[in-house]
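The structure appears below as structure tokens.
Residues: numbered from 1 along the sequence shown. This is a predicted model, so every value here is computed, not measured.
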Amino acid sequence: MASEADGGGTESAAASAKARYGRAERLEQHGPGGQSQPMGGDHQPKEHAWQVGRTEPVSKSQMKRLMKEKQWEDQKELRKQKRKEKKLKRKLERQTRSEEGCEESCRKRFKRDVTASSLRVALDCSFDGLMVMKDVKKLHKQIQRCYAENRKAAHPVQMYLTSHSGQLKKNMDENDKGWVNWKGITVTSEHFSEAMKKEDLVYLSSDSPNVLNDLDATKAYIIGGLVDHNHHKGLTHNKALEFGIAHAQLPLGNYVKMDSRKVLTVNHVFEIILAYLEKKDWQEAFFAVLPQRKGAVPACLPVSTEQNQPGADSDTCDSVQNGRATSGALAQENKQLSKLKYEEQGAKTSEEMDGEM
């Protein structure tokens, strides 16, 4: 009995071994996916024999990409030749325009004669605490405009930026890091009364009773760096009185009549000074700078002396009768026509009544 059991166990073990050998042989021949694979040579490991000769299918998108890459490489020399031809064509066109005397198309920029002025203009940025960030950003843009206009002016002034700190400095550091490389400008955290001599200072304020008729090259003119939408009236004038320095307003009312208030932005005041140094005429300077929305017209009649009185309100809109003579004449003519028409209707009504009687 024992021998028969041993014999049965031997046969079962042999059958199991044969089955395992058969599976291993099929794996070598067909691979793990069941597909037939060519057998490798004796030098090739049996465990990788099923991978030999296997190719992955190529999708349509991959085929298109390969074709485009091949086409791009084939046309490389053609593109190079086209670039050369285009470059040569532009060169010939520039030569032709130059021969015809077309100077405006020339790419060279000729710098006009510049004579630096000894006049000093300072932007007072000590109002930082009175502005919200939105207005601080507007002031930053106005300062940028002043710097740019001074750089290209015929008579650039000595520009100062005083009390440079707080929100303004932070905004410039974050959004305009190049300001540290500005040329022709003195940027300081000091107050204008500390940066320059007190007797040389003249604070420009539209609330000042003094009218500036000319610019003194020995003086330093202060422009208040404040964007407040007229919320703080008379602030710059009061500051000049507080520090005991001279103050004045530009002669705007003597040469210009406007539909809007007389208060101008920082860059407008700065640009008017630059324009006056070049033109030597206040009226030309004003009209070269003032935007059309201000509704500026030449002041033909003498300006009332009330606006130069100490208690006058500089933000009150001036009368615009000067420069509006045509509109006044038309209004008078329409009034007369209406009166004549009314009289004619009255006469007609009287005639009809007489006829009925």
Side-chain angles (χ1 to χ4, degrees), residues 111-131 135-205 208 212 214-228 235-237 239-240 242-250 264-278 285 289:
K111 193 174 182 180
R112 59 176 176 174
D113 296 334
V114 175
T115 304
S117 173
S118 59
L119 190 74
R120 291 166 292 172
V121 179
L123 307 183
D124 177 19
C125 303
S126 62
F127 305 98
D128 190 84
L130 299 176
M131 293 183 289
D135 293 334
V136 170
K137 291 181 179 180
K138 289 182 180 179
L139 176 61
H140 177 202
K141 292 185 179 295
Q142 293 178 12
I143 293 173
Q144 287 177 318
R145 179 66 179 268
C146 292
Y147 173 74
E149 291 297 326
N150 194 48
R151 290 282 293 169
K152 64 182 183 182
H155 302 288
V157 299
Q158 299 179 28
M159 187 176 176
Y160 288 79
L161 197 63
T162 62
S163 300
H164 184 248
S165 59
Q167 297 183 95
L168 177 63
K169 185 178 184 302
K170 181 180 179 181
N171 183 72
M172 293 178 67
D173 290 337
E174 293 177 354
N175 303 315
D176 186 19
K177 297 180 180 180
W179 74 265
V180 295
N181 299 321
W182 284 0
K183 299 179 181 179
I185 182 174
T186 302
V187 182
T188 177
S189 59
E190 293 182 335
H191 195 266
F192 63 83
S193 60
E194 300 173 354
M196 289 168 282
K197 294 181 180 180
K198 193 173 181 179
E199 56 270 18
D200 294 343
L201 301 177
V202 178
Y203 213 116
L204 297 178
S205 173
S208 174
L212 191 67
D214 199 3
L215 295 175
D216 189 347
T218 62
K219 299 294 183 180
Y221 295 93
I222 313 298
I223 302 175
L226 176 63
V227 179
D228 66 335
L235 187 61
T236 54
H237 182 216
K239 173 166 276 196
E242 178 184 352
F243 286 92
I245 61 177
H247 50 83
Q249 63 168 297
L250 297 178
L264 305 176
T265 61
V266 174
N267 59 291
H268 284 161
V269 177
F270 191 90
E271 292 174 42
I272 287 171
I273 292 176
L274 294 177
Y276 178 75
L277 291 175
E278 181 180 359
V289 175

query: Atom NZ in Lys170, atom CG in Asp128: separation rounded to 0.5 Å?
result: 11.0 Å
- request: For Leu277 and Leu119, run side chain to side chain contact (heavy atoms under 4.5 Å, CB included): C-alpha distance rounded to whole Å, both residues' side-chain angles, the deciding distance at 0.1 Å, then the answer.
  value: CA-CA 9 Å; Leu277 291 175; Leu119 190 74; 4.1 Å; yes
- request: Ignoring hydrogens and angles, state whether a donor on the side chain of Asp216 or Tyr221 is under 3.5 Å from an acceptor on the partner side chain.
  value: no
task: Kindly compute the distance separating OH (Tyr276) from CG (Leu250), expressed to the nearest 0.5 Å.
output: 11.0 Å
Which atom of Leu139 lies closest to which atom of Gly225, heavy atoms considered: CD2-O, 3.4 Å
message: Using a 6.0 Å cut-off, check whether atom NZ of Lys219 has over 12 heavy atoms from anything other than its own residue.
response: yes
message: Please give me the minimum heavy-atom distance between Ala240 and Tyr203, naming the atom from each residue.
response: CB-CB, 3.7 Å
query: Would you call Val187 and Val180 a side-chain contact if the rule is heavy atoms closer than 4.5 Å?
result: no
- request: Locate the shortest heavy-atom distance separating Thr162 from Ala195; write the atom from each residue and the value.
  value: CG2-CB, 4.5 Å
query: With no hydrogens and no angle check, do the side chains of Thr236 and Ser205 hold a donor and an acceptor under 3.5 Å apart?
result: yes
task: Identify the two heavy atoms, one from Met196 and one from Ala122, that lie closest to each other, and give their separation to 0.1 Å.
output: CE-CB, 3.7 Å
message: Just verifying a value: how many Å separate Ile222 CD1 and Leu201 CG, rounded to the nearest 0.5 Å?
response: 5.0 Å
field: Side-chain heavy atoms of Phe127 within contact of Val227, under 4.5 Å
entry: no
query: Hey, does Arg145 have a side-chain heavy atom less than 4.5 Å from the side chain of Glu271?
result: yes
- prompt: So, Ser208 and His247: side-chain donor and acceptor under 3.5 Å apart, yes or no?
  reply: yes
query: For the ring pair His140 and Trp179, is the centre-to-centre distance below 6.0 Å?
result: no
task: Compare all side-chain heavy atoms of Thr188 with those of Tyr160 and state whether any distance is below 4.5 angstrom.
output: no
task: Please examine the side chains of Leu204 and Gln249, heavy atoms only from C-beta on, and report whether any two atoms are closer than 4.5 Å.
output: no
- prompt: In terms of side-chain heavy atoms, does Asn267 have a donor or acceptor partner in Glu149 at a distance below 3.5 Å?
  reply: no
task: In sequence, state the C-alpha distance, the side-chain angles, and the governing distance for Ile185 and Tyr147, and then conclude on side chain to side chain contact (heavy atoms under 4.5 Å, CB included).
output: CA-CA 8 Å; Ile185 182 174; Tyr147 173 74; 4.1 Å; yes
query: When rounded to the nearest 0.5 angstrom, what distance separates SG in Cys146 from NE2 in His268?
result: 9.5 Å
- request: Would you check, one step at a time, whether the test side chain to side chain contact (heavy atoms under 4.5 Å, CB included) holds for Arg151 with Lys183?
  value: CA-CA 8 Å; Arg151 290 282 293 169; Lys183 299 179 181 179; 3.6 Å; yes
message: Just verifying a value: how many Å separate Glu278 CD and Ser117 OG, rounded to the nearest 0.5 Å?
response: 12.0 Å
message: One pair to check against side chain to side chain contact (heavy atoms under 4.5 Å, CB included): Ile245 and Ser193. What are the steps and the verdict?
response: CA-CA 9 Å; Ile245 61 177; Ser193 60; over 6 Å; no
query: Between NE2 of His164 and OG1 of Thr186, what distance do you get to the nearest 0.5 Å?
result: 13.0 Å
message: Could you check whether Lys177 pairs with Asp173 (Lys NZ or Arg NE/NH1/NH2 to Asp/Glu carboxylate O, under 4.0 Å)?
response: no
- prompt: Charged N to carboxylate O below 4.0 Å: is that the case for Asp124 and Lys239?
  reply: yes
task: Kindly indicate whether a cation-pi arrangement holds for Lys198 with Phe192, taking the cut-offs as under 6.0 Å to the six-membered ring centre and within 45° of the axis.
output: no
message: Tell me whether Arg120 contacts the main-chain N or O of Thr218 through its side chain, where contact means a donor paired with an acceptor under 3.5 Å.
response: yes
field: Closest approach of Cys125 to Ile143 (non-hydrogen atoms, all atoms of both residues)
entry: SG-CD1, 4.2 Å
query: Mind checking whether Val121 and Gln158 have side chains closer than 4.5 Å, heavy atoms only?
result: no
- request: Please check if the distance between the ring centroids of Phe243 and His191 is under 6.0 Å.
  value: yes
